[in-house]
Amino acid sequence: MIFMDMQGLEAKWRGRWGKGKAYEPEAGEGKKKFITAAFPYPNSPQHVGHGRTYTTADIYARYWRLRGYNVLFPMAFHVTGTPILGMAKRLEEGDEELLSIFENIYGIPREKAESLTQPEALVLYFSREIEEGMKEIGYAIDWRRKFYTFDRHFNKFVQWQFRKLKAKGYVVKGTHRVAWCPSDSNVVSAHDTQGDVDPEIEEVTCIKFKYKDGWLVASTYRPETIYGVTNIWVNPAEKYVKAFHGEEAYYISKTAARLLSLQIPMEVAEEIEGAEIVGGAAEAPDGRKVPILSAEFVDARLGTGVVMSVPAHAPYDYLALRDLGKLGELKPVVVMTYPGLKPGAIPAQEVVERMKVPDQNDAKAEDATKELYKAEAHGGIMSIGDFKGIGALAAKEKVKDKLAGEGRAFNLFVLAKGPVFCRCGAQVCVKLVEDQWFLDYGDGEWKAETKEWLGKMCIMPEGSRKDYLATIDWLREKACTRASGLGTPFPFDKGKIIEPLSDSTIYMAFYTIAHLLKDADPEELTEEFFDYVLLGKGKGRKEWEKVREEFLYWYPVDSRHSAGDLIRNHLPFFIFNHVAIFPEKHRPCQIATNGFVMMEGKKMSKSFGNILPLRKAIREYGADVVRFSVVAGADLTQDTNFERSVAEGVRGRLEHLYSLLDYGKEDGDGRMEKWLKSRMSRRLIALPELYEKLEMRALAQNVFYEVMHDLQWYLKRADSPKLKWFFQKWAAIVSPFMPHFAEEVWESVGGKGFVIDAAFPKGDSKLVDYGLEMGEELVSSVRYDVEKIAERIGAKPKKVFVYVPVAWKFDAYNLMRERKNLKDLMEFGKKGKLDMESVSRFGKGLMGKVHSLPDVLPSKEEYGALHDAAGFLSKELGAEVVVRKEEDYLKADSSAGLKVMEGGHPKASNAMPGKPAIVLE
RNA sequence: GCAGGGGUGGCAGAGCCUGGAAAAUGCGCGGGGCUUAGGACCCCGUGGCCUAGCGCCUACGCAGGUUCAAAUCCUGCCCCCUGCACCA
């Protein structure tokens with residue numbers, strides 16, 4: 001057994017590719033493909049999951065290269081944003097949790113980790129790590145064009161982009177609501193909150209009830225139920241305040257006054273106990289006087305801390321009144337009905353009683369609320385008030401507008417599912433940020449043009465196009481600056497940095513010229529420079545022409561690759577911004593997205609501790625095995641599963657193949673070589689489409705697993721294997737997946753140069769021999785049947801007789817396939833003067849599946865295939881196999897004088913086309 | 001709530017657009033081969049029943065419908081997953 005040194009083999013080919021500058025394409029005349037994948041954010045080493053997108057892009061790039069295209073696949077590093085800053089800070093502080101992740105999951109020695117306290121050092125460390133990994137796995141990347149998004153050259157480019165966007169009116173300024181920690185004075189996102197709660201902002205309506213010298217302000221999600229208000233709830237145990245908003249006095253909870261003051265300026269005048277308010281009365285917008293009652297379920301931290309009570313439609317309100325024994329005096333007022341509600345019934349009462357909710361503190365009260373809200377939101381029709389007859393959701397808006405118009409309501413933003421707490425312990429609130437800059441993805445014209453361009457793009461998988469459309473539709477203003485972090489200074493407002501998702505929308509254009517700007521003074525990269533190079537505007541200097549040519553040659557992006565999660569942000573931005581900046585001929589042609597990689601069936605995550613670093617995987621299994629394993633397990637959209645057993649299986653097959661290379665010295669043209677060529681040719685014809693559509697699953701199947709099956713059958717059937725032709729074709733078609741191993745095979749069978757530079761083998765339909773393949777299938781199925789029978793009778797046969805049906809059965813079979821009726825068959829029998837009983841029996845047998853009869857070989861070929869395989873079958877079955885024609889038996893049987901021939905058996909007449917009769921002895 | 005997607009064998013996952021074979025392929029499991037042994041590799045099996053295979057029954061979330069024929073088309077219902085932004 002030859003031992004295969006995978007590491008050595010791969011290093012050897014990487015070395016040779018490097019020496020040959022295999023991945024440094026130059027702009028020129030010929031046809032090109034420009035392929036990019038979303039660049040990495042270097043705040044950790046990459047794991048096998050990251051490898052999926054890049055491997056997919058790499059396979060695609062390598063495929064086009066085989067098809068004779070000049071292919072550019074570049075890479076850079078995205079260092080914009082705050083996480084790296086935060087990480088550096090935590091390292092400086094000696095954060096034990098982080099240091100432990102570095103040590104145990106990333107495998108970074110503690111001393112090293114402790115030295116990475118500067119953001120730049122951190123970025124450099126991880127980007128080197130990632131770059132090394134990408135080299136080891138054999139990506140066809142042109143590293144000359146590498147850059148970082150904090151490079152000054154790149155900053156100039158992004159600033160140019162923003163000036164273009166501003167000139168078009170797409171960069172706007174306004175106010176913006178954010179989740180805010182009043183204690184830290186900082187924007188809060190999910191990973192800043194206790195329990196990683198997503199601080200979701202939603203709108204509530206605040207309705208003003210006349211109270212004393214001002215307003216008791218109740219917050220509600222259901223303003224349309226105002227017509228059914230019977231009372232107000234205030235928590236007697238909480239502190240309330242009287243606060244002035246301008247001239248108006250608001251009575252709300254103390255916490256609310258503090259949290260909401262960031263949205264509506266308020267000055268607290270006096271503090272009041274909730275208990276003091278309870279017992280009073282307030283006047284609803286329609287003039288009705290309602291009492292203020294005590295309720296402990298009121299959370300002072302939510303909304304205004306004042307709740308309006310609608311017992312007919314809110315189970316909590318109904319239960320609270322019932323608990324207080326006040327249902328008698330405060331009668332629920334039904335404001336809407338919905339399908340399924342009994343006439344005259346009170347919705348909240350109905351739900352509460354049906355679900356047997358004992359009181360307001362029971363958990364079932366929540367379920368009741370949800371159920372009722374759902375029913376009313378879907379099917380609710382207003383039955384009283386100004387909007388009688390209108391659907392509940394529409395009425396909600398109308399009531400809101402009406403009350404606002406009367407000065408009796410206003411809207412506020414609050415955190416949903418609240419209260420939410422910051423890591424520091426303070427309650428998170430909503431703040432309105434003034435002077436926030438936006439990219440106006442809500443702009444109608446821009447949106448329309450973006451959608452139109454999307455329509456012209458190729459989207460893979462096609463099914464995700466809907467997601468793009470939905471996202472483009474729903475995008476509004478996107479905040480595009482932030483106060484801190486690495487990146488590009490915002491050109492119109494000092495001290496602001498362009499936000500990470502906004503500085504990475506057209507950066508692919510920068511790849512085309514990055515290597516030419518390395519030595520340039522960033523100050524020379526002026527507005528005029530980029531105008532000339534990227535848009536062809538102005539005269540341009542002589543030395544800029546080369547740069548312009550490079551851009552013109554490579555742009556547009558032919559295929560953009562990323563994980564599917566970017567469909568909700570980066571990818572639409574990518575289209576939007578290209579549409580805004582570039583003319584049609586330079587806008588992107590195609591996007592391909594993929595799912596994630598799971599580890600042994602589980603999501604890969606730090607907390608599970610099941611992250612497999614890419615470089616570690618490469619050391620264990622070899623680059624080609626890892627490449628194949630991360631992309632071949634599932635189709636593009638699906639999450640794929642990295643399983644060690646699968647990786648080992650692939651590895652084992654490669655070793656097996658390696659041991660077969662000795663057979664690759666010669667060619668042959670026997671029956672089995674023809675069969676193998678037929679199978680392979682069929683593949684060669686089908687593969688280009690699969691590659692172009694990135695049907696990864698089918699590709700993996702075709703290029704690897706099925707090829708292995710063919711090969712095994714061939715080895716079993718061929719006396720002395722001759723695999724030169726086979727290996728030559730296979731090395732080429734598998735090289736996008738497994739470039740290193742493919743080179744080894746290619747060289748071993750006498751291929752010239754690198755296989756990665758070879759031409760994609762053309763499939764020759766003349767080599768496809770359908771009959772030959774069917775013949776082999778027949779042989780295989782006969783073997784299977786014999787084994788099945790032997791097993792059933794529990795004895796090994798000494799001799800096996802195989803009967804190919806008499807010739808007329810083939811004609812009859814095809815007749816049945818075509819006409820699908822017995823009548824025509826009987827007609828055929830009469831004409832041919834056949835034994836009508838046999839014909840009838842034959843026909844009835846086929847009738848049941850007449851609509852799905854498979855294609856069969858002609859009589860002669862069927863006999864030929866089996867006759868030819870008799871030796872093989874004998875060997876496989878360990879018994880002599882004799883192939884006969886049905887008529888031989890019939891003859892022997894009917895000539896009464898002769899004794900019945902050996903192996904003669906009435907079963908012989910059961911022979912059907914495609915299913916020869918088998919007799920065991 | 002809004003938007004998008006999905007429910008097939010022990011598991012993962014094809015097939016469903018373009019209706020027509022217990023249902024690709026891989027993993028797992030059982031048996032055999034090869035090996036000093038293990039791993040890897042190779043072969044066979046893996047819903048149930050069976051008058052020797054070519055056969056029958058039962059399956060594709062649930063319930064109906066269209067059709068000679070439905071996992072595949074139509075209708076209703078149940079359940080599950082993902083995203084909702086300033087964050088890489």
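Values below: every heavy atom of this structure, side chains too, minus hydrogens, waters and symmetry copies. In what follows, chains are A, B, ... by sequence order, proteins preceding strands, each numbered from 1.
- In this structure, A:Arg465 atom CZ and B:rG4 atom C1' are separated by 15 Å, rounded to whole Å.
- Side-chain contact of A:Tyr148 with A:Ser127: a donor-acceptor pair under 3.5 Å is present, judged by distance alone.
- A donor-acceptor pair shorter than 3.5 Å can be found between the side chains of A:Thr53 and A:Asn594.
- Crowding of A:Tyr170 atom OH: a count of heavy atoms from other residues, nucleotides or ligands under 6.0 Å exceeding 12.
- Relative to the side chain of A:Val919, the nucleotides B:rA52, B:rG28, B:rC84 differ in distance, and B:rA52 lies closest.
- For the pair A:Arg222 CZ and B:rG1 P, the computed distance is 13 Å after rounding to whole Å.
- Using a 4.0 Å heavy-atom criterion, one finds that A:Arg476 contacts the bases of the nucleic acid, with or without backbone contacts as well.
- In this structure, A:Glu462 reaches neither bases nor backbone, as no heavy-atom distance under 4.0 Å exists between it and the strands shown.
- Side-chain contact annotation: A:Tyr441 with A:Asn577, donor-acceptor N/O pair under 3.5 Å present.
- In this structure, A:Lys478 reaches the bases: a heavy-atom distance under 4.0 Å links it to at least one base atom across the strands shown.
- A donor-acceptor pair under 3.5 Å is absent between the side-chain atoms of A:Arg568 and the main chain of A:Tyr468, judged by distance alone.
- Place A:Asn569 and A:Lys915 on RNA chain B by their nearest nucleotides, and A:Lys915 ends up nearer the 5' end.
- Ring planes of A:Trp713 and A:Phe872: perpendicular class, angle over 60° (limits at 30 and 60°).
- Among the heavy atoms of the strands lying under 4.0 Å from A:Thr80 are primed sugar atoms or P, OP1, OP2 only; no base atom is included.
- Figure legend. B:rG83 is base-paired to B:rC2; pairs are counted as Watson-Crick or G-U wobble with both atom distances under 3.5 Å.
- Residue A:Arg482 places at least one side-chain N or O closer than 4.0 Å to OP1 or OP2 of B:rA88.
- Spacing between B:rC16 and B:rG28 at atom P, rounded to whole Å, works out to 28 Å.
- When each of A:Val646 and A:Asp467 is assigned the nucleotide of RNA chain B bearing its nearest heavy atom, the one mapping closer to the 5' terminus is A:Asp467.
- Side-chain atoms of A:Ser502 and A:Glu499 form a donor-acceptor pair, as typed in the model, at a separation below 3.5 Å.
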- How does each nucleotide of nucleotides 11-17 of chain B score, in 5' to 3' order, for protein heavy atoms under 4.0 Å: base (B), sugar-phosphate only (S), or none (-)? -BSS---
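- Looking at heavy-atom distances under 4.0 Å, A:Leu475 makes contact with a base.
- Of all nucleotides present, none satisfies the Watson-Crick or G-U wobble test against B:rA21 with each distance under 3.5 Å.
- You'll find the ring centres of A:Phe77 and A:Phe126 outside the 6.0 Å limit.
- A donor-acceptor contact closer than 3.5 angstrom is absent between the side chains of A:His570 and A:Asp565.
- For the 3.5 Å distance criterion, the side chains of A:Tyr621 and A:Arg644 qualify, holding a donor opposite an acceptor.
- When heavy atoms are screened at a 4.0 angstrom cut-off, A:Leu920 is found touching base atoms of the nucleic acid.
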- Spell out protein contact along nucleotides 36-50 of chain B as letters: B when the base is contacted, S when just the sugar-phosphate is, - when no protein heavy atom is under 4.0 Å; keep the 5' to 3' order. ----SSSSSS----B
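- Heavy atoms of A:Ala698 sit nowhere under 4.0 angstrom from any nucleic acid atom.
- With C1' as the reference atom, B:rC81 and B:rA63 are 24 Å apart, rounded to whole Å.
- Heavy-atom contacts from other residues, nucleotides or ligands closer than 6.0 Å to CD of A:Glu689 number 12 or fewer.
- Across all strands shown, B:rC29 is found opposite B:rG45 as a Watson-Crick or G-U wobble partner, with both distances under 3.5 Å.
- Across all strands shown, the partner of B:rA63 is B:rU75, judged by Watson-Crick or G-U wobble contacts whose two distances both fall under 3.5 Å.
- One C1' atom belongs to B:rA70, the other to B:rA22, and the distance between them is 16 Å to the nearest Å.
- Pairing of B:rA40, defined by two Watson-Crick or G-U wobble distances under 3.5 Å, is not identified with any nucleotide.
- Between A:Arg568 and B:rU82 there is no side-chain polar atom (N or O) within less than 4.0 angstrom of OP1 or OP2.
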